[in-house]
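The block underneath contains the structure these notes are about, expressed in structure tokens.
Note that the numbering runs from 1 along the sequence shown for the chain.
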Amino acid sequence: MQLRAITSRDRAPLVAMLNRIEQFRPDEVSVALELVDASISDSAGSGYACIVASEGDAVLGYVCFGPTPMTQSTFDLYWIAVSPDAQGRGLGKQIYAAFEAETQRMNGRHVRIETSSKELYAATGGFYARLGFQVVGRLPDFYAAGDDLLIFYRTI
């Protein structure tokens with residue numbers, strides 16, 4: 001597996017991958033792709049960067065992140081996803097490790113993640129907890145009735 005910066009060739013495989021992940025609604029995929037497009041067209045200027053995990057021509061996963069505006073050393077992890085075909089092989093941890101190394105290279109010390117409290121996202125929250133993140137905030141009914149916003153945070 002190779003971990004590398006995103007290129008325009010990755011867009012179509014990422015569209016296909018994101019559409020196959022059951023947790024992501026179509027509107028969420030659209031937002032993820034807006035960030036992918038910003039990273040492809042102008043990573044430095046847009047504030048969004050993506051690292052892609054690939055094997056040959058196949059895209060296995062990616063992470064999208066950027067510095068949190070108005071902070072000195074905090075980064076937002078916007079999206080991290082692994083293809084359903086490649087899940088369970090530890091790729092998420094490897095993609096996260098590449099993200100963390102790049103964040104540290106950019107003088108990042110803190111990471112913030114926002115996600116849903118829906119049961120569909122329970123495995124995602126468990127993944128973040130195994131990486132050392134803690135839930136530091138919860139906004140009730142943020143996304144919809146019964147769907148709270150969970151804020152995960154970690155110092156690296």
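In terms of modelled atom types and a separation under 3.5 Å, the side chain of S41 and the main chain of D37 share a donor-acceptor contact. No donor-acceptor distance shorter than 3.5 angstrom exists from the side chain of S83 to the backbone of G61, with no hydrogens or angles considered. A side-chain donor-acceptor contact under 3.5 Å links R130 to the backbone of G126. Counting only distance, with no hydrogens or angles, the side chain of T71 and the backbone of P67 share no donor-acceptor pair below 3.5 Å. In terms of modelled atom types and a separation under 3.5 Å, the side chain of E28 and the main chain of R25 share a donor-acceptor contact. Side-chain N or O atoms of Y121 include one that pairs as donor or acceptor with a backbone N or O of Q23 at under 3.5 Å.
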Requested in this report: Verify ring pair (Phe, Tyr, Trp, His ring centres under 6.0 Å) between F133 and Y153, making sure each step is shown before the conclusion.
Outcome: CA-CA 5 Å; F133 284 87; Y153 194 74; 8.3 Å; no

Query - Worked check of side-chain contact (heavy atoms from CB on, under 4.5 Å) between D10 and R4 - result: CA-CA 11 Å; D10 298 318; R4 56 175 174 71; 2.8 Å; yes

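The CZ atom of R138 sits 5.0 Å away from the CG atom of L150 when rounded to the nearest 0.5 Å. Between I6 atom CD1 and C64 atom SG the span is 7.5 Å, to the nearest 0.5 Å. Distance OH/Y62 to CH2/W79: 6.5 Å, rounded to 0.5 Å. Going from atom OG of S117 over to atom CG of D141 covers 8.5 Å, rounded to the nearest 0.5 Å. Taken from CZ in F99 to CG in L131, the straight-line distance is 10.0 Å, to the nearest 0.5 Å. Taking CG from D147 and CG from L120, the interatomic distance works out to 9.5 Å, rounded to the nearest 0.5 Å.
Under the 4.5 Å side-chain heavy-atom criterion for Ile, Leu, Val, Met, Phe, Trp and Tyr, V36 and V63 are members of distinct hydrophobic clusters. One hydrophobic cluster, built from ILVMFWY side chains closer than 4.5 Å, holds both L33 and I21. Residues V59 and L3 fall into different hydrophobic clusters, defined by Ile, Leu, Val, Met, Phe, Trp and Tyr side chains chained together at heavy-atom separations under 4.5 Å. Under a hydrophobic clustering in which Ile, Leu, Val, Met, Phe, Trp and Tyr are joined whenever their side-chain heavy atoms come within less than 4.5 Å, directly or via other members, L14 and Y48 fall into the same cluster. Note: the hydrophobic cluster containing Y96 also contains M106 (ILVMFWY, side chain heavy atoms under 4.5 Å, direct or indirect links).
Taking 4.5 Å as the limit, every side-chain heavy atom of T103 sits out of range of all side-chain heavy atoms of H110. Looking at I95 and I80, their side chains come closer than 4.5 Å, going by heavy atoms from C-beta outward. Inter-residue side-chain proximity for I151 and I113 is flagged as unmet; no heavy-atom pair is nearer than 4.5 Å. The shortest distance between side-chain heavy atoms of E100 and R154 falls below 4.5 Å. Side chains of L60 and V82 form no contact here, defined as non-hydrogen atoms less than 4.5 Å apart. Contact annotation: the side chain of N19 never approaches that of F24 to less than 4.5 Å [non-hydrogen atoms, C-beta and beyond]. For the pair I156 and V111, the minimum side-chain heavy-atom distance is below 4.5 Å. With a 4.5 Å cut-off on side-chain heavy atoms, I51 and E102 count as touching.
Side-chain contact, N107 with S73: no donor N or O sits under 3.5 Å from an acceptor N or O.
Taking all atoms of both residues into account, the shortest heavy-atom contact from L91 to A86 is CD1-CB, 3.4 Å. Of all heavy-atom pairs between A38 and S46, the closest is O-OG, 3.3 Å.
The list of salt bridge (charged side-chain N to carboxylate O under 4.0 Å, His left out) pairs with a residue in residues 73-95, not counting sequence neighbours, reads R20-D85, E55-R89, D76-R112.
For R9, the CZ atom sits in a loose shell: 12 or fewer heavy atoms of surrounding residues, nucleotides or ligands are nearer than 6.0 Å. In the displayed structure, D57 atom CG is contacted under 6.0 Å by at most 12 heavy atoms of other residues, nucleotides or ligands. Summarising the local packing, CD of Q134 is surrounded by 12 or fewer heavy atoms from other residues, nucleotides or ligands at distances under 6.0 Å.
Ring-plane geometry between F75 and F65 is classed as tilted, the angle between the planes lying from 30 to 60 degrees on a 0 to 90 degree scale.
For L139, the side chain to side chain contact (heavy atoms under 4.5 Å, CB included) partners are F142, L149, not counting sequence neighbours.
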